[in-house]
Structure formats: C-alpha cells, structure tokens
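Working notes, structure below.
Numbers restart at 1 for each chain; the letters A, B, ... are given by sequence-line order, proteins then strands.
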Amino acid sequence: MGKVKADFEYDVVIVGGGPAGLSAGIYLGRKGVKTLLIERGRFCGAKNLFGGVVYTESIKTLAPEFPNVEPFPCERQVTEEGYLILTERGYVKLTHSKEDRTHSFTAFRAKFDPFLADVAQRAGVDLAPKTKVVDFLKDDDGNISGVIVDRPKSFFDSSPASISAKVVILAEGVNRVLSQKAGLYSRDFQPEEVVLSVKEVLQLPKGELEKRLGLKEDEGLALEILGFITQGYPGLGFLYTNKNSISFGIGVFLSELAKNRVRPYELLERAKTHPFFQRLFEGAEVLEYGAHLIPEWGYKGFPKFYGNGVLVCGDAGGFVNPLFKEGTNLAIYSGLLAGETAFLALEKGDFSEKTLKVYEEKLKESYFYKDLALAKNMKDLFLRNKHIFSTYPELLYEAMSLFFSAQGKFKREVIKEIITLIKKKRGFLGVLKDFLSFARLFW
Amino acid sequence: MSSPSNQLARKNFLIIILGMNIDDKISSVKFYVDEEYAHLKIKNEGTCLRCETKPCLFFCPANVYRLSEEGRIIVAYQACLECGSCRVACPFLNISWDYPRGGMGLAYKFG
C-alpha cells in the first residue's frame, strides 16, 4: 500500500456519529486506537430520527452500567408492548405486559446519541462534528486511505482538509452515497427498498398521558399500528410514550407514496381523525415533526461489506429488521464487529480485502445476519400481498364485533356469519395461501 | 368504501378543522439554513415540464417541491428534512442531491 500525504493522520476514520459509528468508535477507543469520528450534524444525533425504542442488551455492550447512568438518556421503560389493528372507526388491541422492566426504553435520537458520543469521547475517540466527508483519499494503487472533508485545511489555506486512515468505517446512514462511491454497492437503492417514515412528537397536558393510556408514571407503552393507519398501503404506524409526550408516526414504502401520489403527512393527519387518536391527542401540541428513510433492502440488497481499507455498518449496510423493530441494536452490533475487524487489521498491519474479509465472516455468524437471511422475502411479500394491510385488519375487527355482539342469537348462526364474512372478504383458499406464504418466510 | 366526493369532503374537513398545514409542521423543526449553498437542485427544468405525474409534489415529507403558477417546480431546500426520498423517487432522477454543508441544515431537538 502506497503512502499518502494528508493534513491529519489517524489509524481509523469513522464516517457518521449514529449508533453504528459510535459503537465502532467506542470499541476502537478502548483498544487505544487513534480514531476520528466525523459527523455532519451540529452534534451526534442532530440528523437522526427513529421511532423509537432502544434495547438494554445492546446498549450494555457499550456502557455496562446502563440503565444506571446519569443523566438518563432515555424516556420511559416499555412495560406494555404490542399491536393496534385499526379499521376506519374501530380497533383491536393486542398487547402484552413486560416482566423485565429494564428490557427496553423509549428514547429520542437527539438525546440518546449524544450519550453514546460522550461514552466514545471518554473512550478516547476524537469527534469532529459539523463536518461533511465529500470524498475519499486514495493511495497510488487506488485504494481508500482516508477522507476529504468540507472544512478548510487551516486558517491560511481554504482548500479542503484531508485525513489519512488505515481503515475507513462507513456508518453514514441510509443514504449510502459514500459506500456506493467506494464500490461496495453496484447501484443506488430503489423506492421499493425503503420505507419513508414521518413522525411527530406530541405533548399532552401534564398527567393526561398516564390518564388516557392507563399507565403509571414509570410505565410505558409501545404500539405498532396496522390497517387504516396507512390507508391500506403497505407500511405501519407506531406509537411510543415518552416522559411527557408521545412519539406518533407512520411509515409507508416510498414506491407506494410516489406511485399513488400520497402525501405522508396527510396520512398522519388523517390517522388523527380516528376515534382512538382523537381522544388520545385532544389538546396535544406538536413539539417536533420529522422524517426519515428506513433501509429495507435487507439480505437481497446487501452490499459487499468490505473493500481495501473500508468497511460499512449500520443503516448504510442495510442492517434493519423491520418486523422485529430492530434497527438501533443492529447498528450497535454491526458497528462493534466493524470495530473489531479494524483492530484486527491494525494488529496484522494489513488493510487489504484479504484481512478485512473477516468482517463478513463475523457478520455471517451473527444472529441478526441470519435473521435477515431468513426474512429475505418479507419485503416482496408485503409489497405484493396488500391484504395484510387492509383486508385482514377489517376482517379481524368485524369477526370480533360479531363474536361479542351476539345476544339473542343462536351461536351457531354467529359462527356461520363469521365464516361467511371470511369467505366474502378473502376466501378460505386465500387465507390459506396468505398463511402459507407468511409461514414460508420463517421455514 | 367511501366515494370520491366523500373522500374530497373529508379532505377539506381535515384542512379546515385541523388546520393541517405542512408549513406549521416544518416550523416545529430547527434549521440552520445555508443561504450560500442550495443542496438540492433540478438538473433540467425541461424534464420537469414534461413529467406528467410529478410525484415529488406528493411524497416529499417537507413539501420542498412546489409548483409555481407557470407550472415550474420550485425547490424550497431550506425546509429539507434530508431524508433522501427525492434522490431515488424522482421518476427521471432529475434532482441533483447532496447533504447541506457540515453543521448546516436540519438539527433535531428530539429526533
């Protein structure tokens, strides 16, 4: 590998200060590796948005004392979690209580990521916020050997500064433009491969959140919402309780929004007219609105995870499992593996593909890679089979309405009515087919 | 299923009663606007004029893309939430897309 001249020299440069980049940084910092993390936002988390729930297990890999940290970077512990299935006027709610009260917490990215950034800084990582990576630095052989940023070299020289690195870890998020530039992806993602989510943080008058949702002050609710919430388009809504506010959002495949010319924030407003949310959000004030893409290209759209002098992790690598609401923790786990691999390469003194290939091997052994391989056809199923988002929510609601409104009627008639309903809405063969195609995802 | 006229009535109801306005939503977001660098640009205006569906007027979560009275697309990049949708969902890939410069653009308080 040829030597390059740069304005600053580091062993590892990490692009992106979200949970993936910070996790890689924390690992390397603790190993004493000279690491620089570059973040384009004003602080780590400034550009980030999620639902969102974080899981204690993955956070403990970075901060073992979590959740006993001050100041606490999360909102509420999740004590009730499940699904809310909506029809135009009604709903079916299916939730479970959580025994382990420290299992997961609701959080805000702009508050949680600074906590991880603090851990990284204490581990010895240099943070460079307000800085955007615009290109790679390459050696004589054309291998990546650093980055070029949109900051001047010095007070006297306004040309862009360069930073050399033996390994560049790309944790740039869903818009993986640098990973593409590095040749790890052969093409850009398609609108079918991402979900566009819009979210509002809604503040309720004091005490109302607990009253309206039947929670105590130290209890929290996490709901995934299916059906009318997306007007039948493939996607999901979500509702998470924070300390004094509610995170409420809707995500629909970008291709569906574009094709059907749907404004995502109109879906949000329309959902608020549903009796369930009308009651819940009465008198609520919008603290913040936001939007973000969720990478759902998954296994079929995976990149090459490594190249000469470069690794990719987090959203940029496609590490999101939408069905099980895993994003932040996959970012953490993949970031840690990228960190481990970079450290291994430094020990060996070889930063070529041959050594960095270990990263792919580590990924393939992980539970989340196997999960994503298992569910590789899920996105296609959701885009193809729209009954999941319209027919079944209605069917379930109507069947339950019949089942529980049967006074003065012979019960065999009620069951007959329910059977007729299923036949009319989807047909037994249809139900069987849908069930099999869903079951096949996991076998 | 509600009829199209019903749907329209409902939509009007929403706009009037709830004051649904994307500008109100955007005003809840903190921006450090980069007046010197427009990070979103239309590559070729003629392509937009020929584009029949103009989906950008709909899918953009910040309503960055608006139609002028003469039928041209106006880009209000100052309100951009930097999600990247327009980068891939423009049917002609006619948007030159970049992030704002380091430290500029959107800064979530919650996120």
Relative to chain B, which segment of V201(A) carries a heavy atom at a distance below 4.5 Å: side chain, backbone, both, or neither? side chain
Applying a strict 4.5 Å limit to non-hydrogen atoms, the region of L287(A) in contact with chain B is both
Using a cut-off of under 4.5 Å for heavy-atom pairs, which of F59(B), F110(B), W97(B) has the most such pairs with chain A? F110(B)
Return the option, out of N260(A), N48(A), T131(A), with the maximum number of heavy-atom pairs under 4.5 Å with chain B. N48(A)
Between G84(B), C90(B), A107(B), P61(B), which has the largest tally of heavy atom pairs under 4.5 Å with chain A? P61(B)
What about the rings of F248(A) and F277(A), do their centers lie closer together than 6.0 Å? yes
Report which part of P91(B) has an atom under 4.5 Å of a heavy atom belonging to chain A: side chain, backbone, both, or neither. neither
What part of F112(A) gets closer than 4.5 Å to chain B, counting heavy atoms only: side chain, backbone, both or neither? neither
If you count heavy-atom pairs under 4.5 Å with chain B, which of V149(A), N175(A), V252(A) comes out on top? N175(A)
Taking the six-membered ring of F189(A), is NZ or CZ of R87(B) closer than 6.0 Å to its centre and within 45° of its axis? yes
For chain B, the option from K130(A), K199(A), K259(A), R261(A) that forms the most heavy-atom pairs under 4.5 Å: R261(A)
Which one wins on heavy-atom pair count under 4.5 Å against chain B: L257(A), V198(A), V286(A), D188(A)? D188(A)
Strictly under 6.0 Å, is that where the ring centroids of F228(A) and H274(A) end up? yes
Would you mind checking which part of E75(A) comes under 4.5 Å of any heavy atom in chain B, side chain (CB onward), backbone (N, CA, C, O), both or neither? neither
Cation-pi, Y32(B) ring and R42(A) (6.0 angstrom, 45 degrees): yes
Can you tell me which portion of V177(A) sits under 4.5 Å from chain B's heavy atoms? Options are side chain, backbone, both or neither. side chain
Which atoms of E200(A) come close to chain B, meaning under 4.5 Å heavy atom to heavy atom: side chain ones, backbone ones, both, or neither? side chain
What part of C60(B) gets closer than 4.5 Å to chain A, counting heavy atoms only: side chain, backbone, both or neither? backbone
Flag yes if more than 12 heavy atoms outside R187(A) fall under 6.0 Å of its CZ atom; otherwise flag no. yes
Exercise: do E172(A) and S179(A) side chains pair donor with acceptor under 3.5 Å: yes
Checking F58(B) now: which residues fulfil ring-ring contact (aromatic ring centres under 6.0 Å, His included) with it, not counting sequence neighbours? none
State which residues pass side chain to side chain donor-acceptor pair (under 3.5 Å) with E82(B); sequence neighbours excluded, sorted by chain then number. R40(A), K47(A)
Would you mind telling me which of A89(B), C83(B), A62(B), P55(B) has the largest number of heavy-atom pairs within less than 4.5 Å of chain A? C83(B)
Partner of I73(B) under side chain to side chain contact (heavy atoms under 4.5 Å, CB included), picked from V64(B), L49(B), L57(B), is L57(B)
Chain A: which of P100(B), C56(B), G105(B), S85(B) shares the most heavy-atom pairs with it under 4.5 Å? S85(B)
Out of V134(A), D135(A), I38(A), L36(A), which one pairs with V147(A) under the side chain to side chain contact (heavy atoms under 4.5 Å, CB included) rule? I38(A)
So what's closer than 4.5 Å to chain B heavy atoms on D150(A): side chain, backbone, both or neither? side chain
For the residue pair D24(B) / S27(B), report whether a side-chain donor-acceptor contact shorter than 3.5 Å exists. no
